Amino acid sequence: MKDKRSVSVVIPAYNEEQSLEELYSSLKNVLGRIAGKYEFIFIDDGSSDESLEILHSLREQDRSVKIIAFQRNQGKSAALSEGFKAARCDYVVTIDADLQDNPDEIPEMIEMLEEGADLVSGWKINRQDPLTKTIPSRIFNLVTSTVSKVKLHDFNCGFKAYRKDVVKNISVYGELHRFIPVLAAWEGFRVTEKKVTHF
Ligand code: UDP
Ligand code: MG
């Protein structure tokens, strides 16, 4: 089972020099355990810190690290979109670079894909953000869910797992990364959610 599994991890990063090495090692650890083939696609979104240099040094040690570098900041949707185009594996995981998500949840997300879901969207329960962020977010989720009729609690979570078909068939630009589950559901894909912890 493990040997046949292939997973692309897509990581948008904008000024994330503090967390890239730690994120990379925990991802490597998890993917090495559960997948026969994997790649880490980092998109440096025009960072002005040392993010790109750190990514190049990871790439020196490990050819499964791939780097896409933007000359200037283009936003998370553009970064994800390029990552989705580059992804080669059967399953694609997106994770934020800021260490707020736990890579140990990836195996269970992949299992949910293998059991028939096309997209597994993280649902941050215990959210570690101030009220100025959580209240607008609750409103956003309620409105999005009501209008789109897609029944999720947390649309905007950066931590998601997809079957490759999904990322090759949705077009993400502008601020559309916040609505990926809606785009996927409207294309007829089976969208589900998994509770995830938030650090
Ligand atoms: N990010 C990006 N380009 C941007 C802003 C953010 O690639 O212009 C990345 C960022 O490095 C992180 C992810 O997108 O990996 C989510 O960003 P952030 O934590 O700021 O968003 P939030 O968690 O508040 O939704
Ligand atoms: Mg974040």
Side-chain angles (χ1 to χ4, degrees), residues 9-27 29-30 40-55 68 70 72-84 92-109 112 119-162 167 170 172-185 191-199:
V9 186
V10 171
I11 310 125
Y14 180 51
N15 293 338
E16 301 282 8
E17 62 181 12
Q18 304 290 345
S19 51
L20 289 171
E21 282 161 322
E22 186 180 339
L23 176 68
Y24 161 77
S25 23
S26 44
L27 286 172
N29 193 296
V30 173
F40 305 104
I41 303 173
F42 287 92
I43 304 93
D44 177 66
D45 188 10
S47 296
S48 54
D49 68 357
E50 297 295 306
S51 294
L52 190 55
E53 288 71 18
I54 293 168
L55 292 175
I68 297 171
F70 292 170
R72 58 180 178 83
N73 181 244
Q74 297 190 43
K76 189 175 176 182
S77 282
L80 289 175
S81 176
E82 289 307 310
F84 288 165
V92 178
V93 171
T94 57
I95 189 166
D96 286 353
D98 56 10
L99 296 174
Q100 287 189 322
D101 303 306
N102 180 3
D104 286 330
E105 319 226 29
I106 293 173
E108 209 174 304
M109 291 171 128
M112 290 169 76
L119 164 51
V120 178
S121 190
W123 167 15
K124 300 182 290 278
I125 43 168
N126 82 324
R127 214 177 138 173
Q128 304 298 319
D129 281 317
L131 285 178
T132 50
K133 235 173 151 175
T134 56
I135 291 173
S137 161
R138 287 182 91 114
I139 297 170
F140 170 83
N141 283 311
L142 187 64
V143 171
T144 306
S145 170
T146 309
V147 173
S148 68
K149 305 204 161 52
V150 177
K151 298 295 164 220
L152 291 191
H153 296 84
D154 186 0
F155 287 84
N156 195 19
C157 180
F159 195 20
K160 292 182 167 63
Y162 310 74
V167 306
I170 53 174
V172 189
Y173 53 88
E175 287 297 304
L176 282 183
H177 61 273
R178 301 181 195 286
F179 298 97
I180 288 176
V182 177
L183 303 176
V191 176
T192 181
E193 67 189 346
K194 177 189 182 305
K195 290 180 185 166
V196 295
T197 47
H198 190 230
F199 299 123

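Position 1 is the first residue of the sequence, and the numbers go up from there. Side-chain atoms are counted along with the backbone in the values below, which use heavy atoms only and exclude waters and symmetry mates. The shown structure was predicted, so the numbers you read here are calculated from the model rather than taken from an experiment.
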query: Hey, do the aromatic rings of Tyr14 and Phe70 have their centres closer than 6.0 Å?
result: no
Counting distance only, does the side-chain N/O of [X] pair as donor-acceptor with the main-chain N or O of [Y] below 3.5 Å?
{"X": "Ser26", "Y": "Pro103", "result": "no"}
{"X": "Asn141", "Y": "His153", "result": "yes"}
{"X": "Asn15", "Y": "Asp49", "result": "yes"}
{"X": "Thr94", "Y": "Gly158", "result": "yes"}
{"X": "Asp101", "Y": "Ile95", "result": "no"}
{"X": "Ser121", "Y": "Glu193", "result": "no"}

query: Using 30° and 60° as the class limits, which term best fits the ring planes of Phe40 and Tyr24: parallel, tilted or perpendicular?
result: perpendicular
Between [X] and [Y], which heavy-atom pair has the shortest distance, and what is it?
{"X": "Val172", "Y": "Ser81", "result": "O-CB, 3.4 Å"}
{"X": "Asp44", "Y": "Ser47", "result": "OD1-OG, 2.6 Å"}
{"X": "Phe199", "Y": "Asn102", "result": "CE1-CB, 3.6 Å"}
{"X": "Gly122", "Y": "Lys160", "result": "N-CG, 4.3 Å"}
{"X": "Pro181", "Y": "Val150", "result": "O-CG1, 4.5 Å"}
{"X": "His177", "Y": "Gly174", "result": "ND1-O, 4.2 Å"}

Answer yes or no: does atom [atom1] of [X] have more than 12 heavy-atom neighbours from other residues, nucleotides or ligands under 6.0 Å?
{"X": "Gln74", "atom1": "CD", "value": "yes"}
{"X": "Lys151", "atom1": "NZ", "value": "yes"}
{"X": "Glu53", "atom1": "CD", "value": "yes"}

statement: Between Thr197 and the options Lys124, Glu105, Gln100, the side chain to side chain donor-acceptor pair (under 3.5 Å) test singles out Glu105
- prompt: Taking atom types as modelled, is there a side-chain donor on Arg178 or Thr144 under 3.5 Å from an acceptor on the other?
  reply: no
- request: For a side chain to side chain contact (heavy atoms under 4.5 Å, CB included) with Tyr162, tell me which candidate from Ile180, Val10, Val93 qualifies.
  value: Ile180
query: Between Lys76 and Asp96, does a salt bridge (charged side-chain N to carboxylate O under 4.0 Å, His left out) hold up when you go through it step by step?
result: CA-CA 10 Å; Lys76 189 175 176 182; Asp96 286 353; 3.0 Å; yes
